[in-house]
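Some notes on the structure that comes next.
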There are 2 protein chains.
Amino acid sequence: MQNHEMWWERCQFQEQMVPDLTLEDIARQAGVSRSTVSRVVNNFPNVSADVRQRVLDVIQQTGYHPNAAARTLASQRSWTLGLVLPQSAHQIFTDPYYPHLMKGIAQTCNDHNFTLALFLVGNEEDERKISARITRKGLLDGVLVQSGHHGDQQLIGRLVDAGIPQVVIGRPFRYDNVSYVDVDNVNAAFNAVTHLIRQGRQRIATISGLLQSTAGLDRKSGYLKALGERGYKLDEALIIEGDFTEAGGYYAMQSLLPAHPDAVFAASDVMALGAMRAAREAGLSVPDDLAVVGFDDIPIAATSEPPLTTIRQPVSQTGIRAVEALIDQIENGIQPPRHIIMDTQLVIRDSCGANRK
Amino acid sequence: MQNHEMWWERCQFQEQMVPDLTLEDIARQAGVSRSTVSRVVNNFPNVSADVRQRVLDVIQQTGYHPNAAARTLASQRSWTLGLVLPQSAHQIFTDPYYPHLMKGIAQTCNDHNFTLALFLVGNEEDERKISARITRKGLLDGVLVQSGHHGDQQLIGRLVDAGIPQVVIGRPFRYDNVSYVDVDNVNAAFNAVTHLIRQGRQRIATISGLLQSTAGLDRKSGYLKALGERGYKLDEALIIEGDFTEAGGYYAMQSLLPAHPDAVFAASDVMALGAMRAAREAGLSVPDDLAVVGFDDIPIAATSEPPLTTIRQPVSQTGIRAVEALIDQIENGIQPPRHIIMDTQLVIRDSCGANRK
DNA sequence: TGCGATTTTGAGAGCGCTCTCACAATCATA
DNA sequence: TATGATTGTGAGAGCGCTCTCAAAATCGCA
């Protein structure tokens with residue numbers, strides 16, 4: 001296959017319903033062999049201009065489309081990529097992270113003329129069914145696994161064992177031999193907390209993400225690193241594990257309150273929102289009594305009361321890079337695993353106190 | 001194919017990486033013919049118990065998985081469903097509607113052993129590529145189109161012309177010959193507005209959805225119907241078209257303010273949130289000065305200030321029903337189009353004023 | 001034990017495409 | 001014009017499975 005942009009993507013849709021045509025039919029009507037039609041269809045060179053045109057005309061008139069299954073069988077390429085969103089992802093599926101990720105992935109697949117197959121694994125049984133389907137040949141050329149959660153390691157291992165090209169989105173727990181793309185969570189959290197330190201905050205708490213996830217772990221590391229570098233001494237009372245939900249942030253903040261923090265870094269915006277709700281209910285003013293920094297830059301972060309200072313991560317971009325890495329792996333064979341780390345950006349709004357007069 | 005729950009979904013994953021096996025290989029090792037292995041693999045009856053066991057053993061040992069492309073080619077069934085989220089959907093992709101819809105769809109596909117292929121169409125070019133890919137044989141057994149937007153009618157028409165089994169999610173503009181499943185938007189809006197009337201509100205405004213969408217249109221109809229039935233006379237100054245975004249709701253509310261509404265029905269929660277923000281900035285108290293009802297019941301609706309009264313729609317359930325209808329159509333052939341309408345539920349919280357002492 | 005009915009098994013013809021290989025046609029060069 | 005290199009075209013063997021049809025094995029019952 002020489003050129004991924006195929007003629008039928010340019011061709012106008014045929015209005016009338018056509019009987020199922022085969023290469024053979026086109027060949028007969030154009031007075032050439034099956035091989036020649038195949039060459040035209042696949043944009044191969046070595047077809048004389050007039051023959052090519054004759055074949056294209058017949059194709060145009062008849063509204064012929066090649067059969068996907070037959071091509072896949074003969075060429076051993078399905079032009080389909082799988083995207084697996086595991087159990088952990090399923091639960092927090094209302095997080096705008098996923099739509100954005102999927103948007104980047106779907107768009108990139110489309111650009112490269114790949115079809116995207118989506119697998120949401122909800123439970124153990126799903127996982128069984130899905131791994132069987134994925135490891136089956138002739139369906140997928142490669143797989144993207146959104147992960148970073150502890151429970152997803154098995155699936156990743158299976159794909160490695162099956163020798164299926166794979167790129168993980170999010171840092172996996174064990175990442176020998178696996179390519180992945182992740183945002184730089186450690187640095188992002190480091191920058192967020194450093195920013196709070198520069199505001200003169202003394203008692204900086206954190207509502208971490210789930211510590212079964214590498215994102216949760218890494219963001220906590222960044223928090224600790226920032227405090228450590230500035231000589232703050234560790235206070236366990238200022239650290240609590242959240243679960244990436246609004247309610248989780250709310251309750252986490254409530255239990256943080258007795259330790260009298262004057263700032264909090266939440267590992268997600270929805271948790272930050274929950275934390276602000278708890279603070280508000282406790283009569284604390286944000287940012288005067290409590291500075292808050294979130295993570296994600298979800299849409300409502302800009303319009304919350306007060307607008308939320310947060311970390312913006314390039315989610316779509318992450319998806320794009322993952323697809324590109326996967327396609328590269330498919331086309332050029334297995335290579336040393338690549339670890340792609342995406343930069344983040346601190347978006348300063350009002351909740352951190354930096355904009356006060 | 002007698003039974004959709006296939007043996008390989010039950011079978012344990014083979015640890016070692018196996019060479020690509022074919023039916024032929026299994027047949028040879030088990031000392032039977034290809035046909036017999038095929039029968040075992042597909043759970044056909046008419047295979048003696050001992051032979052079946054012998055074959056299953058070999059399959060188990062070798063870790064054989066049938067080739068998807070070969071089956072599709074031979075059986076003319078791909079066991080894959082397409083989900084198309086058109087242009088309009090793409091833009092408002094942060095709406096939690098989509099994740100929930102996809103969850104229902106993906107889960108149901110998995111339950112029925114179908115693979116789900118996702119197509120996000122972002123622009124004209126995408127649409128060309130995607131329609132070509134969809135109408136190609138051998139890739140999809142049927143297609144779900146999330147629609148209800150004016151611009152999506154072309155795609156639906158193409159699929160009808162191509163004779164591909166299809167179920168539309170959301171009421172299409174022209175729905176002759178197309179099956180669809182939609183929530184009862186008219187009634188939902190009717191109930192929401194009737195609820196406001198019962199609270200004694202006199203000047204009830206609406207921030208409608210995009211009127212290029214049937215959802216926007218139908219919700220506005222419900223609003224008008226409720227007012228009409230109670231003898232309220234139409235005041236154009238109380239009606240404004242929104243765009244389903246927070247900012248849209250905010251500006252819409254601002255332009256509604258001069259007309260002095262004492263209640264507003266917003267066609268989506270995010271718009272309701274925007275409206276409340278505008279009201280707050282204008283010094284209006286919700287619900288005392290302005291009662292607000294939204295639509296969707298997104299997660300933050302429960303924790304907004306004040307908590308938002310809204311319409312809960314069975315989004316996942318809608319996806320489930322759509323998949324089931326599509327599979328039915330695939331298995332039992334084209335039938336008279338079905339129109340499935342889902343009920344909604346009014347969730348009363350504080351923003352409508354019903355819970356005041 | 002024999003004969004028809006039933007069940008189990010195998011042979012083989014596709015499904016619609018790709019791709020190698022050989023042959024035919026064209027070209028450049030001497 | 002002869003010769004080899006190059007380009008254009010066709011024949012045909014798969015790819016791995018399904019499914020029909022017929023043969024073989026088994027069964028029921030007289």
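It should be emphasised that the depicted structure is a prediction, and the values quoted were computed from it without experimental measurement.
In this structure, B:H65 atom NE2 and D:dC17 atom P are separated by 12 Å, rounded to whole Å. Atom CZ in B:R71 sits about 18 Å away from atom C1' in C:dG16, given to the nearest Å. Atom CG of A:N46 and atom C1' of C:dC27 are 14 Å apart (whole Å). When the P atom of C:dG16 is taken as reference, atom CZ of A:R28 falls 12 Å away, rounded to whole Å. Computed from coordinates, the B:E24 CD to D:dC17 P distance equals 9 Å when rounded to whole Å.
Nearest-nucleotide mapping onto DNA chain C: of A:A69 and B:R54, the residue sitting toward the 5' end is B:R54. Residues B:T22 and A:D50 both approach DNA chain D. Their nearest nucleotides, taken by heavy-atom distance, put A:D50 toward the 5′ side. Of the residues near DNA chain C, B:A74 and B:V51, the one whose nearest nucleotide (by heavy atom distance) lies more toward the 5' end is B:V51.
Checked against C:dT18, C:dG16, D:dC17, the side chain of B:Y64 finds its nearest nucleotide in D:dC17. Of the candidates D:dC19, D:dC17, D:dG16, the closest approach to any side-chain atom of B:S35 belongs to D:dC19. When each of D:dG16, D:dA13, D:dT18 is scored by its nearest atom to the side-chain atoms of B:S75, the top-ranked nucleotide is D:dT18.
Contact of A:R39 with D:dG10 (side chain to base): a donor-acceptor pair of N or O atoms is detected under 3.5 Å.
Rounding to the nearest 0.5 Å gives a distance of 11.5 Å between CZ of B:R28 and CG of B:L23.
In this structure, B:N67 reaches the sugar-phosphate backbone alone: every heavy-atom distance under 4.0 Å involves primed, P, OP1 or OP2 atoms, never a base. Backbone-only engagement by A:S48 is indicated by non-hydrogen atom pairs under 4.0 Å involving sugar-phosphate atoms exclusively. Counting any heavy atom pair closer than 4.0 Å across all strands shown, B:T36 reaches sugar-phosphate atoms only and no base atom.
Ion pair B:R54/B:D57 not flagged as a salt bridge, since none of the NZ, NE, NH1 or NH2 atoms sits closer than 4.0 Å to an Asp/Glu carboxylate oxygen. Salt-bridge annotation for B:R338 and B:E324: absent, with no side-chain N of the basic residue lying under 4.0 Å from a carboxylate O of the acidic one.
Phosphate contact (OP1/OP2 of D:dG10, side-chain N/O of A:S33, threshold under 4.0 Å): present.
Side chain of A:Q76 to main chain of A:G138: no donor-acceptor pair is present (N/O by atom type, distance under 3.5 Å, no hydrogens or angles). No side-chain donor-acceptor contact under 3.5 Å links B:T36 to the backbone of B:V32.
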